[in-house]
*Asks:* 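Please read through the structure below; I'll follow up with questions.
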Amino acid sequence: MCGVVGIVSNEPVNQALYDALTVLQHRGQDAAGIVTWSDEHGLKQRKGNGLVRDVFYSRHMLSLTGQVGIGHVRYPTAGGSRSSEAQPFYVNSPYGICLAHNGNLTNYEELAALLIGEDRRHLSTNSDSEVLLNVLAHELHVRVNGELTTKNVFDAIDALHRRCKGGYSVVALIVGFGIVAFRDPHGIRPLVLGEQQSSGRKNYMVASESVALDILQYDTVRDLNPGECVIVENSGAIHCHDYPDRAKHTPCIFEYVYFARPDSILDNLSVYKARLRMGEELAGKIVREFPDHDIDVVIPIPDTSRTAALQVAYHLGVKYREGFIKNRYIGRTFIMPGQEERKKSVRRKLNAIELEFRNKNVLLVDDSIVRGTTSKQIIKLAREAGARKVYFASAAPPVRYPNVYGIDMPAASELIANGHTIDEIQEIIGADRLIYQDLHGLIRSVRHGNSDITEFDTSCFSGEYVTGDVTDGYLHDLEARRNDAAKQKRETRHEQESNVVSF
């Protein structure tokens, strides 16, 4: 998962882009980057591995001049965690294009082969974002004869949609022209448009989540439609184009479960309200399955499960307590490389408040269970803190299938629910009882506020992939690339290559 932002303003955008990326930091902690453009100084860029605060220093911010720019925060889905794959990416022909991307292309291998073999384009990384950039550049190149027009760009994006499969939201900067933003035809990955009145003209901003607009005091205009392309010229003129072959709108439901900030509104759906209703649905499931429960206290696994856990406690009529204190300087465990590293990080990340556990029957509530490593370690922490019984509830259904649209949710063999029954999972993680949310309950929770959306991408729960091109062969190849052993091998090879001295 990544976060993207683009701004066209009548004022310098460097600080605004930085602030937006800090608010989107939860979407990617591996790398960050900003590109700006001005008539006077041309393109300016700074990117690298690390958090936003670690990549950008005062000297970098001062160099990022211009009133047009895009930014990106990343964690690796396709490709690796090396600085050469930090975004935005740049290609100099035609015009000079910079691109930042959130999502994943399911036909990356096919597109890469066509770009190299037929379009005669060179690829220097294993990132599908570089493929997207080169597809856009090629489609623009074959359509433009002279001056670049909005129609050229819209036609190029329509052609890109016909070639690229998967989930993606993109912001691109075309030198001397403006910002181009577009979303995949299914609307899987989010992208929000905002505007701000300033000195007699409107400034425009696009971002992965509405919270980025809020902190910069942009008014939310709307979410981009599936397949829609929005152009904001350097002058501030805005143009919108709907993709004629757009598919049914199926946004990713896991955005609401885990990734998005609770204060964001995506596709006219409140993330906070969705999580409240997840708690209500989960409480109903607990009452049905465990009517004579002896739960003394409900404790959330911080942070994303707090909202749901609060509602669970309320509807069960039991106490809600904070039982774990989180070290906020540790990254998200399920995207950490290596099972052993994830196990160690749980102890570094969470510490139990013993008095909330001692001699109590505790219900722990988490937003989801992916590998189960974290759940098992947390249950162990609760028992060590003196809990008499430890029950565990997930606000999401069992994660049985890999996500192929931009979430590194990993090889199927590493998902604890893949190939195991709920009773087996309960035994593996060491819970006295395990309760999962139902999929239909999760869907009800999320779509409550927007009747226009009737379906979601629920592939990691249901195994149904909305783009229709995900085959068993594709998933088998994905398994080989995404499992921990393959990732470790890639990182080791990269370290070895980095240590070679050239003369």
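The figures that follow rest on heavy atoms only: side chains count, while hydrogens, waters and symmetry mates do not.
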*Asks:* Mark yes or no for whether Tyr405, through its side chain, and Thr467, through its backbone, hold a donor-acceptor pair below 3.5 Å.
*Replies:* yes
*Asks:* Look at Arg261 together with Glu209 and state whether they make a salt bridge at an N to O cut-off of under 4.0 Å.
*Replies:* no
*Asks:* Is it true that a side-chain atom of Asp457 and a backbone atom of Cys252 form a donor plus acceptor pair closer than 3.5 Å?
*Replies:* no
*Asks:* Can you confirm whether more than 12 heavy atoms, excluding those of Asp294, are under 6.0 Å from its CG atom?
*Replies:*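 It does: Asp294 CG has more than 12 such atoms within range.
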*Asks:* Answer yes or no: does atom CZ of Phe290 have more than 12 heavy-atom neighbours from other residues, nucleotides or ligands under 6.0 Å?
*Replies:*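 Enclosed: over 12 neighbouring heavy atoms sit under 6.0 Å from CZ of Phe290.
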*Asks:* Which atom pair, heavy atoms only, marks the closest approach of Val271 to Ala260?
*Replies:* CG2-CB, 3.8 Å
*Asks:* I'd like to know whether Arg183 forms a salt bridge (Lys or Arg N to Asp or Glu O under 4.0 Å) with Asp223, so could you lay out the CA-CA distance, the side-chain angles of the two residues, the decisive distance to 0.1 Å, and finally the verdict.
*Replies:* CA-CA 10 Å; Arg183 195 176 180 189; Asp223 301 271; 5.1 Å; no
*Asks:* Under the rule for ring-ring contact (aromatic ring centres under 6.0 Å, His included), what residues qualify as partners of His60, not counting sequence neighbours?
*Replies:*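 Result, ring-ring contact (aromatic ring centres under 6.0 Å, His included) vs His60: Tyr57.
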*Asks:* Can you tell me if CZ on Arg222 sees more than 12 non-hydrogen neighbours from other groups inside 6.0 Å?
*Replies:* yes
*Asks:* Could you tell me whether Glu414 and Arg371 have a side-chain N and a carboxylate O separated by less than 4.0 Å?
*Replies:* yes
*Asks:* Counting only heavy atoms not in Lys285 (residues, nucleotides, ligands), do more than 12 fall under 6.0 Å from its NZ?
*Replies:* yes
*Asks:* What residues form a ring-ring contact (aromatic ring centres under 6.0 Å, His included) with Tyr320, not counting sequence neighbours?
*Replies:* none
